[in-house]
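All remarks here apply to the structure that follows.
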Amino acid sequence: LSCFAISSYPGWWKLMHRFSSTHDPEYSRDRKIAAYFYRRPFIAYTPMPAPFRVILAAVVLGALVPVRGWAQASPYVPLDDPRLPLLEHLISRGDIEDPSPMVRPFRRADAARVLAAADSAGAAPLVHALRGQFEDPPNQNSWRVGIRAGGQAYSHIRRDVLHPLGPDGVRPYVDLTGEAAFAPFAVVSRPAAEPRIVDDPEWPGRTDLKLAWRMVEAYASAQFKYGSVFYGQMDRNWGPAGVAGIGLSNYGYSQVESGFDLGTRTLRLHALARQLTDEQDALGNRIHRYFFAHRLGLRASNRVNLGLWET
C-alpha cells in the first residue's frame with residue numbers, strides 16, 4: 001500500500017490516492033492480501049529480534065550518544081487525551097504550529113514548545129492554559145501516576161466508524177497510567193479495564209474474562225536531538241488532523257512494534273515494524289508475517305506539508 005498526501009493549514013486540503021483501506025492488517029484480511037503463495041520451494045523468514053534485544057540496543061545507543069546529543073525525554077500525548085482536540089483546534093486555526101504535521105502522536109515536550117512560542121500578550125487564553133498543563137520541569141527527571149474512570153457510550157461496538165458493526169451500549173471504563181522520564185529515556189504503561197472489548201469482533205484477546213482489560217499504551221523510548229527509538233505499543237495516526245490515516249490509523253487495536261524517527265523540523269523519516277501472527281501454507285510450512293511502514297515528511301512552509309509513505 002503506497003500513498004501520497006498533501007495538506008495545508010489552516011483549512012487543510014489534501015490529495016490522496018485511495019486504496020481499499022485496511023487500518024489493521026492483522027484483523028482485516030478480507031480487505032487486504034496479507035500473504036502470497038507460490039509453487040516454488042518454501043523459503044522461511046527468520047523471526048524478528050526478541051524484545052529484550054531491541055530494548056538493549058536502545059539503551060546501548062543512548063549510552064554511546066554524547067550527552068550534548070541527548071534530548072530531555074518526554075512521553076507522547078495519547079490520541080485519546082481529552083486535551084488533544086483543543087490542541088488540534090488551535091493548530092487548524094493557525095494559532096500554534098503543528099509540532100508533527102500529519103503524524104500523531106507527538107511528544108508532550110513538543111506540544112509545550114509550540115504553545116510557548118505562541119503564548120504572547122495577544123494569544124488566546126486557551127494557549128496559556130494548555131501551556132501550563134503540558135510543560136514539565138526543565139532538565140529534570142520526572143514521574144507521574146494517574147487514574148481515569150468514566151463510561152463508554154457507542155452506537156456500534158466496533159471501533160471503525162466507517163464499517164460499523166455490533167450492538168450499541170454503555171459500559172464502564174477505568175485506566176491507570178504510570179510514566180517516568182529520565183535523561184534521554186521515557187517509559188510509559190497504561191493498562192485499562194474495558195468490558196466493551198469482549199463483544200468487539202475485532203478484539204484479538206480473550207473474550208471469556210469477567211473483567212476484560214487491555215494495554216492501551218506500554219512503551220520505552222530513547223530520544224535524541226535528531227531522532228528517537230521506540231519499542232512497545234500505542235495508537236498512531238498518519239493523516240491530517242481529525243481524519244483517519246490510510247497507512248496507519250487508530251481504528252485497530254495497538255500492537256507491539258519497534259521503530260525510529262530521524263531528521264530535522266523540515267525533513268523527517270519515520271519507520272515502524274511489527275510481527276503479525278504466523279500462518280501455515282498448504283504444505284504445513286510456517287510463514288512469518290510482518291508489517292512495515294515508512295513515511296518521509298517535508299515541511300515545505302508553515303502552511304504546506306508534504307508526506308510520502310508506504311506500508
Side-chain angles (χ1 to χ4, degrees), residues 49 51-81 83-84 87 96-101 103-117 119 130-148 175-191 215-238 248 254 256-274 295 297:
F52 176 77
R53 298 178 185 175
V54 178
I55 297 175
L56 180 61
V59 173
V60 172
L61 180 62
L64 293 178
V65 173
V67 174
R68 63 177 179 272
W70 290 4
Q72 179 61 39
S74 175
Y76 291 88
V77 180
L79 299 190
D80 61 350
D81 191 306
R83 300 166 297 182
L84 185 58
L87 276 174
I96 64 174
E97 175 188 340
D98 192 337
S100 181
V103 175
R104 300 293 187 268
F106 44 74
R107 299 186 313 146
R108 187 187 305 158
D110 294 330
R113 172 179 55 81
V114 297
L115 287 167
D119 190 11
L130 289 175
R131 177 186 178 185
Q133 295 187 31
F134 281 103
E135 280 189 336
D136 290 325
N139 302 321
Q140 292 184 15
N141 298 335
S142 62
W143 62 272
R144 184 177 72 91
V145 175
I147 186 171
R148 183 172 59 171
D175 67 32
L176 177 66
T177 301
E179 61 183 41
F182 48 95
F185 303 103
V187 180
V188 174
S189 177
R190 181 159 67 107
M215 194 65 71
V216 182
E217 293 179 287
Y219 62 85
S221 175
Q223 302 170 8
F224 312 102
K225 184 176 181 181
Y226 294 109
S228 66
V229 181
F230 174 93
Y231 179 80
Q233 65 184 61
M234 63 180 174
D235 288 338
R236 296 178 181 272
N237 188 62
W238 288 0
L248 284 178
S254 59
V256 177
E257 60 194 10
S258 57
F260 70 88
D261 65 270
L262 183 67
T264 64
R265 176 185 177 276
T266 303
L267 185 67
R268 202 158 193 89
L269 173 67
H270 297 263
L272 294 172
R274 71 176 69 141
R295 185 185 191 278

| remark: Nearest heavy-atom contact between Gly259 and Leu272 is CA-CD2, 4.0 Å
| task | Can you measure from CZ (Arg236) to CG (Leu248) and round to the nearest 0.5 angstrom? | result | 7.5 Å
| Taking C-beta and beyond as the side chain, do Glu217 and Glu179 meet within less than 4.5 Å on heavy atoms? | no
| task | Can you measure from CZ (Arg265) to OG (Ser100) and round to the nearest 0.5 angstrom? | result | 11.5 Å
| request: With rounding to the nearest 0.5 Å, note down the distance linking CD in Gln72 to CG in Asn141. | output: 6.5 Å
| request: Using a 4.5 Å cut-off on heavy atoms from C-beta on, say whether the side chain of Asp110 contacts that of Val77. | output: no
| Pair Arg104 + Asp98: basic N to acidic O under 4.0 Å | yes
| request: Could you tell me which residues satisfy salt bridge (Lys or Arg N to Asp or Glu O under 4.0 Å) with Asp235, sequence neighbours excluded, listed by chain and number? | output: Arg159
| said: Quick check for you: to the nearest 0.5 Å, what is the distance between Leu79 atom CG and Leu84 atom CG? | reply: 6.5 Å
| Going by heavy atoms in the side chains, are Ser254 and Met234 under 4.5 Å from each other? | no
| field | SB check Asp80 Arg190 (cutoff 4.0 Å) | value | yes
| task | Calculate, to the nearest 0.5 Å, the distance between atoms CG and CZ belonging to Leu262 and Phe224 respectively. | result | 11.0 Å
| message | For a 4.5 angstrom cut-off between non-hydrogen side-chain atoms, does Val114 reach Phe106? | response | no
| note | Here the pair of heavy atoms bringing Arg295 nearest to Val103 is NH1-CG2, 3.5 Å
| At their closest point, which heavy atom of Ala73 faces which heavy atom of Gln223, and how far apart are they? | CA-OE1, 3.3 Å
| request: Check whether any side-chain heavy atom of Tyr219 lies under 4.5 Å from a side-chain heavy atom of Val256, and answer yes or no. | output: no
| remark: Here the pair of heavy atoms bringing Ser74 nearest to Ala109 is OG-N, 2.9 Å
| field | Nearest heavy atoms of Pro191 and Met215, plus distance in Å | value | N-SD, 3.6 Å
| task | Give the minimum heavy-atom separation between Asp261 and His270, together with the two atoms involved. | result | CB-ND1, 3.4 Å
| field | Interatomic spacing from OG in Ser228 to CZ in Arg107 - rounded to 0.5 Å | value | 7.5 Å
| message | Do Arg148 and Thr177 have side chains that approach each other closer than 4.5 Å (heavy atoms only, starting at C-beta)? | response | no
